[in-house]
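Scroll down for the structure; my scribbles are underneath it.
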Amino acid sequence: MKALVLSGGMGLRLRPFSHSMPKQLIPVANKPVLVHVVEGLRALGITEVGVVVGDRAEMIEGVLGDGSDLDVKITYIPQDAPHGLAHCVAIARDFLGDDDFVMYLGDQMLPDGVTELARDFRTERPDAQVVVHQVADPRAFGVAEVAADGRVVRLVEKPESPVSDLAVVGVYFFTAAIHQAVAAISAGNRGELEITDAIQWLVSSGADVRARVYRGFWKDTGRVDDVLECNRELLDRLKPSVRGEVDDASELIGAVVVEEGARIVRSRVVGPAVVGAGALVEDSDVGPHTAIGRDCVLSGTDVGYTIVQDGATVRDVASVRASVIGRDASVTSAPAGGGHRLVVGDHSRIEVAA
């Protein structure tokens, strides 16, 4: 089985970060979402991965390379514009051939993995298998109406009156039957070839389309709050490890990872938290669910439930909470007081109340 990973979206809801980097490269627990995705695919035994890329292909290739560091072989498939998920299948036809494949949206986080669902697909080989997740309010999602035996009766996109609470997750398993469906459909109301329409075409044609429920943690990392929630979830799974330097005046509490070359000086770090390679934390308090990237500097700062991306500097800022600070950004204090929720884009320079 091959994998097709979609990484060409614009990420409008993740601005300002998506102005300067693909949304799929936003770090969660100090690792880009896209790397988490590929690692999850490798755990399924998949070694051939096609990655659909848009106008920021160079940045994605800079992170994933040829895939050898992740023990996979990556083929990049350019898409000139976001024409829909089914369009991605169409342009990947040469790569996919007639092989079974899993299609995975590159901004989805399913840290509990889909091993059992992949096993079901490999064993039973329906024409298509969608992954669904129970949600409290299905109206914001594509919703699957599923029969008692697990077969999909129909798919409805963002229904006003949902027929079930099963939202369609951005992971799909397909046989080569999907190619006929993609060729048969036309662009929908958004002017795109919708994968929902292709799957519905299979259902209407009498094909064997099934749904399998994923019961673990799932998030579409399309918004800042979602990224922070994913970061919290993954940090909660941390095992403590100290490969950097921690001086005698500092204190580590709970599951804290201090990567090689990082230094903790006169500071208190309460886990779960990770301090990236080459980072310096001095005279600071770092609270739970905080990920500090590589080569960051935190000085005289109190920070918690926050992502500080690679190369950022935060000096003399009190009570930074529920924040995301972009790459190489600089945040310093101004003469005032109070807590802060910050969303700071890459390379920004801002001054906030101390």
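Please read these numbers as outputs of a predicted model, since none were measured by experiment.
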Please tabulate, for the side chains in residues 174-182, all donor-acceptor contacts under 3.5 angstrom to protein atoms that are two or more places apart in sequence or on a different chain.
residue	atom	partner	partner atom	Å
T175	OG1	D127	O	3.1
T175	OG1	A177	N	3.3

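Rounding to the nearest 0.5 Å gives a distance of 9.0 Å between OG of S7 and CG of L105. Taken to the nearest 0.5 Å, the NZ atom of K23 stands 10.5 Å off from the CD1 atom of I26. Taken to the nearest 0.5 Å, the CG atom of L155 stands 10.0 Å off from the CG atom of L202. Separating the CG atom in L85 from the OG1 atom in T196 is a distance of 7.5 Å, to the nearest 0.5 Å. Distance CD/Q134 to CG/L166: 6.0 Å, rounded to 0.5 Å.
Ion pairing between E48 and K73 fails under the 4.0 Å rule for side-chain N and carboxylate O. With salt bridges taken as basic N to acidic carboxylate O contacts below 4.0 Å, one links E39 and K31. We find that D112 and R215 are not joined by a salt bridge, their nearest charged nitrogen and carboxylate oxygen being 4.0 Å or further apart. D137 has a carboxylate O that lies under 4.0 Å from a charged side-chain N of R139, or vice versa, which qualifies the two as a salt bridge. A salt bridge links D283 to R266: at least one charged side-chain nitrogen sits closer than 4.0 Å to a carboxylate oxygen. A salt bridge links D208 with R210; the closest basic N to acidic carboxylate O contact falls under 4.0 Å.
The number of heavy-atom neighbours closer than 6.0 Å to CG of D247, taken from other residues, nucleotides and ligands shown, is above 12. Open room surrounds CG on D248; 12 or fewer heavy atoms of other groups in view lie less than 6.0 Å from it. Crowding of E116 atom CD: a count of heavy atoms from other residues, nucleotides or ligands under 6.0 Å not exceeding 12. In the displayed structure, R125 atom CZ is contacted under 6.0 Å by at most 12 heavy atoms of other residues, nucleotides or ligands.
Between E124 and the choices R212, R119, R151, the salt bridge (charged side-chain N to carboxylate O under 4.0 Å, His left out) rule is met once, by R212. V169 pairs with exactly one of V135, D220, V131 by the side chain to side chain contact (heavy atoms under 4.5 Å, CB included) rule, that one being V131.
Heavy-atom minimum distance, V320 versus T306: O-OG1, 3.8 Å. The shortest non-hydrogen separation linking I292 to V281 is CD1-CG2, 4.0 Å. Between E192 and P82 the shortest heavy-atom distance is OE2-O, 3.3 Å. Here the closest non-hydrogen pair linking L193 and A187 is CD2-N, 3.7 Å. Across all non-hydrogen atoms, the minimal contact from F95 to K2 is O-NZ, 2.6 Å.
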Next on the checklist: What verdict does the salt bridge (Lys or Arg N to Asp or Glu O under 4.0 Å) test give for E245 and R263, after you've listed the backbone C-alpha separation in whole Å, the side-chain angles of each residue and the deciding distance to 0.1 Å?
Outcome noted: CA-CA 5 Å; E245 301 177 18; R263 292 189 296 141; 5.2 Å; no
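For residues 107-129, every residue pair satisfying the ring pair (Phe, Tyr, Trp, His ring centres under 6.0 Å) rule, not counting sequence neighbours, is listed here: F121-F173.
The cationic atom of K158 (NZ for Lys, CZ for Arg) does not lie both less than 6.0 Å from the six-membered ring centre of F141 and within 45° of the ring axis.
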